[in-house]
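By convention here, the first residue in the shown sequence is residue 1.
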Amino acid sequence: MKQFLIKYRLKSGSEERWHQDIVRFISALDNDPALRGKISYRCMKGRGGSDYYHLATAADDDTIKLLQAREFFLRYTEETKRAAGGEVEVLPLEIVAETA
């Protein structure tokens, strides 16, 4: 499993519209037959603020390559950069320990 934390602050556009864009992206993930069940994606927002945290988990490197080739992923990546005013941080994560 490959995990990534994407973090940024919403700087451009409305919160409502941005949330709709996120829902559309997640729907595209869920509806892609080749990616379904191979990617977990969750978006969270800091309570009372404009900081966003996305946790993405992919089954393997092949799944990541497949995702990166999708038009909806390329579009969403650009939308994320725009929403964040160009300041998006993507952190690859390694699990140190976890519950059973």
Side-chain angles (χ1 to χ4, degrees):
M1 296 288 233
K2 303 285 185 169
Q3 296 187 325
F4 301 88
L5 175 66
I6 300 116
K7 61 183 195 170
Y8 58 90
R9 178 166 289 171
L10 182 64
K11 295 181 178 178
S12 176
S14 76
E15 181 178 286
E16 180 180 343
R17 163 113 187 197
W18 182 232
H19 291 187
Q20 292 170 356
D21 290 342
I22 294 166
V23 168
R24 269 192 295 280
F25 174 70
I26 291 172
S27 178
L29 286 173
D30 285 339
N31 291 314
D32 187 303
L35 295 172
R36 186 180 305 122
K38 295 181 180 178
I39 294 181
S40 169
Y41 194 91
R42 177 178 289 168
C43 176
M44 295 150 287
K45 178 179 176 281
R47 186 177 295 160
S50 57
D51 293 326
Y52 283 78
Y53 306 91
H54 300 241
L55 186 58
T57 303
D60 52 35
D61 289 332
D62 289 339
T63 301
I64 294 168
K65 289 176 189 171
L66 185 60
L67 172 64
Q68 291 172 335
R70 295 295 198 251
E71 175 60 35
F72 69 84
F73 174 78
L74 300 172
R75 184 174 53 252
Y76 181 67
T77 299
E78 288 305 313
E79 290 170 0
T80 302
K81 289 177 189 174
R82 179 193 46 76
E87 297 178 29
V88 178
E89 194 172 357
V90 179
L91 305 167
L93 302 175
E94 295 179 8
I95 295 174
V96 174
E98 63 184 324
T99 58

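Residues Met1 and Ile95 have side chains not in contact (no heavy-atom distance under 4.5 Å, counting atoms from C-beta outward). Inter-residue side-chain proximity for Phe72 and Asp32 is flagged as met; some heavy-atom pair is nearer than 4.5 Å. No side-chain heavy atom of Val23 sits under 4.5 Å from any side-chain heavy atom of Ile26. At least one side-chain heavy atom of Asp61 sits under 4.5 Å from a side-chain heavy atom of Lys2. Residues Glu79 and Tyr76 meet the side-chain proximity criterion, which asks for heavy atoms closer than 4.5 Å. Counting heavy atoms from C-beta outward, Ile22 and Lys45 have side chains that stay 4.5 Å or more apart.
Within 6.0 Å of CZ on Arg42 lie no more than 12 heavy atoms contributed by other residues, nucleotides or ligands. Other residues, nucleotides and ligands place no more than 12 heavy atoms under 6.0 Å from the CZ atom of Arg17. Atom CD of Gln68 has more than 12 heavy atoms from other residues, nucleotides or ligands within 6.0 Å.
Across every non-hydrogen atom of Leu29 and Tyr41, the tightest pair is CD1-CB, 3.7 Å. Between Ser12 and Arg82, the shortest heavy-atom distance links the atoms CB-O, 3.3 Å. Taking every heavy atom of both residues into account, His19 and Tyr52 meet most closely at NE2-OH, 2.6 Å. Taking all atoms of both residues into account, the shortest heavy-atom contact from Gly46 to Tyr53 is N-CE1, 4.3 Å.
Hydrophobic clustering of Ile, Leu, Val, Met, Phe, Trp and Tyr side chains at less than 4.5 Å, counting indirect connections, keeps Leu5 apart from Leu10. Residue Leu55 is not grouped with residue Ile39 when hydrophobic side chains (ILVMFWY) are merged at heavy-atom distances under 4.5 angstrom, including chains of intermediate members.
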Original post:
Stepwise, does the side-chain contact (heavy atoms from CB on, under 4.5 Å) test hold for Leu35 with Arg70?
Top reply: CA-CA 10 Å; Leu35 295 172; Arg70 295 295 198 251; 4.2 Å; yes
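Electrostatic pairing of Glu78 and Lys81 counts as a salt bridge here, judged by a charged N lying under 4.0 Å from a carboxylate O.
Side-chain contact, Asp60 with Thr63: a donor N or O sits under 3.5 Å from an acceptor N or O.
Note that CG of Asp30 and CZ of Arg36 are 8.0 Å apart. Values are rounded to the nearest 0.5 Å. Here CH2 of Trp18 is found 13.0 Å from OG of Ser50. Values are rounded to the nearest 0.5 Å.
Taking the six-membered ring wherever Trp is involved, the centroid distance between the rings of Tyr8 and His54 falls below 6.0 Å.
When atom types are taken as modelled, the side chain of Arg9 and the backbone of Asp51 share no donor-acceptor pair closer than 3.5 angstrom.
Using bins of under 30°, 30° to 60° and over 60° for the plane-to-plane angle, the ring pair Phe25/Phe73 lands in the tilted bin.
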